[in-house]
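Notes to accompany the following structure.
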Amino acid sequence: MKVAISGAGVAGAALAHWLYRSGHTPTVIEQAPSFRTGGYMIDFWGVGYQATKRMGIEDPVRAAGYEIENLRSVGSRGEVKANVSVDVFRRMFGEDFTSLPRGDLAAAIYATIEDKVETRFDDSITSVDQHVDGVHVTFETSTPREFDLLIGADGLHSNVRRLVFGPEQDYEHYLGCKVAAWVVEGYWPRDDLTYVLYNTPGKQVGRVALRGDRTMFLFIFRDEHDSGGATPKEQLRNHFGDAGWECPDILATLDDVDDLYFDVVSQIRMDHWSRDRVLLVGDAAGCISLLGGEGTGLAVTEAYVLAGELERAQGDHRRAFASYEAQLRPFIRDKQGSAAKYIGFFATRTQFGLWFRNLAMRAMNVRPLATLIAGSVRDDFQLPEYDM
């Protein structure tokens with residue numbers, strides 16, 4: 001089949017990989033002028049990691065990753081409040097665990113299709129007209145085309161979802177926080193293989209050292225959905241300008257940053273992920289938010305399962321779409337429920353809450369307690385076997 005995929009990120013590239021591999025002709029449409037990197041640091045494990053092993057890209061993923069050793073919470077003078085060895089997670093997941101920037105994972109996946117699958121950068125879909133035999137798609141700059149299927153893999157703010165299912169506000173559930181991430185060169189201090197966290201009530205700053213004398217920063221803060229017209233950089237300075245620790249020095253690096261990731265922390269909740277010949281995958285269908293810690297792995301998993309179900313159904317998209325939803329919807333719903341509970345870890349409301357959070361972090365160094373606390377991140381999903 002000819003399949004249009006909106007979005008060249010993790011979900012879109014992974015789906016294109018599996019569709020091409022199983023004999024279909026995918027076309028990827030990406031509104032950015034070139035392949036996008038950046039984003040925030042993710043921990044990558046579970047069924048998503050297993051799916052990348054089946055793609056044959058475990059080696060480049062490991063090469064791009066970091067074997068983080070510690071998660072450290074510090075106070076305003078840099079004093080250590082809590083220090084957790086990441087070995088607790090490695091004991092749970094074995095060797096199938098690494099940490100890497102989201103964009104680096106996307107790049108490893110995209111490299112498998114770069115010279116094989118047509119990708120239209122700097123373009124976007126403007127209308128979708130479904131009929132008995134296919135989908136008529138018009139574009140912002142390209143000539144209209146016919147496809148057998150259209151897949152929306154275009155993230156939290158999905159264009160395909162808006163065009164086919166309705167406005168974003170019908171499906172977005174804002175979790176009360178915003179997130180920002182960026183990378184700079186030459187920042188000091190550095191703590192190699194350590195993720196350093198600093199919190200005040202309702203706010204968290206994280207930094208992690210990257211290769212090439214680079215540092216990635218991640219900011220999370222509670223805020224109203226509407227910014228009142230303030231730019232992302234203005235919002236960050238307004239919320240963190242007097243937060244203490246290294247915040248003044250980190251905010252000063254914003255002056256020269258062009259590639260700033262900034263977004264709301266929201267979930268997408270829908271009753272159905274498909275409508276006739278159009279289906280949504282990844283964050284477009286069921287974003288769990290970065291608070292869940294596994295959205296990227298879920299996107300890889302969903303792409304694999306969708307392509308596999310299309311293969312099993314021998315092109316009967318209705319049967320494939322129904323089986324895809326039946327398998328994944330309970331899994332995604334559980335992940336969304338868990339993610340909403342983690343807001344207190346990232347943006348604790350009170351000083352007492354911060355004290356208790358640090359106590360829980362220290363407790364994770366005790367193996368039985370670690371298994372109890374971290375057990376909720378295990379995947380209750382068996383990755384199917386497909387002949388692809």
Side-chain angles (χ1 to χ4, degrees), residues 7-11 13 32 35-46 48-49 61 64-68 70-73 86 89 97-110 155-157 174-185 187 190-191 193-199 203-212 214-223 232-233 235-236 239-240 246-247 250-251 253-254 257-268 282-283 287-300 335 339 342-343 345-347 377:
V10 170
F35 185 79
R36 291 187 288 192
T37 58
Y40 46 86
M41 182 71 81
I42 63 169
D43 293 321
F44 191 50
W45 74 86
Y49 193 104
V61 169
Y66 296 80
E67 301 307 304
I68 301 295
N70 297 288
L71 177 66
R72 181 177 301 154
S73 174
V86 179
F89 297 103
F97 179 90
T98 191
S99 303
L100 76 168
R102 181 186 175 106
D104 288 358
L105 176 62
I109 297 172
Y110 183 71
L156 173 64
H157 307 294
Y174 182 54
L175 298 184
C177 296
K178 294 178 181 176
V179 58
W182 68 97
V183 175
V184 300
E185 293 184 5
Y187 182 83
R190 290 173 62 85
D191 295 85
L193 300 181
T194 297
Y195 200 98
V196 182
L197 302 177
Y198 170 70
N199 286 77
K203 305 171 188 179
Q204 177 173 289
V205 183
R207 63 165 166 82
V208 60
L210 305 180
R211 300 179 186 94
R214 297 174 301 146
T215 299
M216 175 180 287
F217 304 112
L218 178 69
F219 281 57
I220 301 173
F221 60 100
R222 293 183 184 266
D223 195 16
K233 290 183 180 182
Q235 292 180 59
L236 289 168
H239 281 272
F240 290 90
E246 300 171 13
C247 290
I250 296 175
L251 291 173
T253 69
L254 275 173
V257 170
D258 295 321
D259 188 11
L260 171 66
Y261 173 84
F262 188 93
D263 209 344
V264 294
V265 178
S266 295
Q267 294 182 341
I268 296 298
D283 284 353
C287 177
I288 68 169
S289 83
L290 89 163
L291 304 183
E294 202 178 356
T296 306
L298 295 177
V300 177
K335 291 293 184 181
Y342 295 150
I343 297 176
F345 176 86
F346 291 96
V377 302

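What you find for Leu236 and Leu251 is that their closest heavy atoms are O-CD2, 4.1 Å. Scanning all heavy atoms of the two residues, the minimum distance from Arg190 to Ala209 falls at NH2-CB, 3.4 Å. Annotation for Ser266 and Ser289: closest pair O-CB, 3.5 Å, computed over non-hydrogen atoms. Taking all atoms of both residues into account, the shortest heavy-atom contact from Ala11 to Gly282 is CB-CA, 4.3 Å. Nearest heavy-atom pair across Ala181 and Leu260 is O-CD1, 3.7 Å. Contact record, Ala347 with Arg222: O-NE, 2.7 Å, taken as the closest heavy-atom pair.
Taken from CG in Leu290 to SG in Cys177, the straight-line distance is 9.0 Å, to the nearest 0.5 Å. Distance check: Tyr40 OH to Asp263 CG gives 9.0 Å after rounding to the nearest 0.5 Å. Distance check: Arg102 CZ to Thr296 OG1 gives 3.5 Å after rounding to the nearest 0.5 Å. Between Lys203 atom NZ and Ile220 atom CD1 the span is 14.0 Å, to the nearest 0.5 Å. Between Gln204 atom CD and Phe219 atom CZ the span is 10.5 Å, to the nearest 0.5 Å. Between the CG atom of Leu298 and the NZ atom of Lys335 there is a distance of 6.5 Å, given to the nearest 0.5 Å.
In this structure, Val300 and Tyr49 have side chains that are not in contact, with every pair of non-hydrogen atoms separated by 4.5 Å or more. Using a 4.5 Å heavy-atom threshold, the side chains of Leu100 and Ile42 count as touching. Two residues are said to be in side-chain contact when any heavy atoms from C-beta on lie closer than 4.5 Å; Asp283 and Ile268 fail this criterion. Annotation: side chain of Val264 is in contact with side chain of Leu156 (closest heavy-atom distance under 4.5 Å). In this structure, Val265 and Phe346 have side chains that are not in contact, with every pair of non-hydrogen atoms separated by 4.5 Å or more. Within the 4.5 Å cutoff, side-chain heavy atoms of Val61 are placed close to those of Thr98. Residues Leu218 and Met41 fail the side-chain proximity criterion, which asks for heavy atoms closer than 4.5 Å. The closest side-chain heavy-atom distance from Phe240 to Ile250 is not below 4.5 Å.
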Discussion item. Using side chain to side chain contact (heavy atoms under 4.5 Å, CB included), reason through Leu210 and Tyr66 one step at a time and then give a plain yes or no.
Written reply: CA-CA 8 Å; Leu210 305 180; Tyr66 296 80; 3.4 Å; yes
Item to complete: Begin from the C-alpha positions of Val183 and Asp259 and carry the test side chain to side chain contact (heavy atoms under 4.5 Å, CB included) through to its verdict.
Response: CA-CA 8 Å; Val183 175; Asp259 188 11; over 6 Å; no
Discussion item. If you apply the rule side chain to side chain contact (heavy atoms under 4.5 Å, CB included), what do you find for Val205 with Glu246, and how did you get there?
Written reply: CA-CA 9 Å; Val205 183; Glu246 300 171 13; over 6 Å; no
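The main-chain N or O of Pro232 is never found under 3.5 Å from a side-chain atom of Lys178 such that the two would form a donor-acceptor pair. For the pair Arg36 (side chain) and Ala8 (backbone), a donor-acceptor distance under 3.5 Å is absent. With Gln267 contributing its side chain and Ile288 its backbone, the two residues share a donor-acceptor pair below 3.5 Å.
Ring to ring, Trp182 and Phe262 are not that close: their centroids are 6.0 angstrom or more apart.
In this pair, Phe217 and Tyr187 present their aromatic rings perpendicular. The plane angle is above 60°, beyond the 30 to 60° band.
Ion pairing between a basic and an acidic side chain is recognised when a charged N comes within 4.0 Å of a carboxylate O; Arg207 and Asp191 show such pairing.
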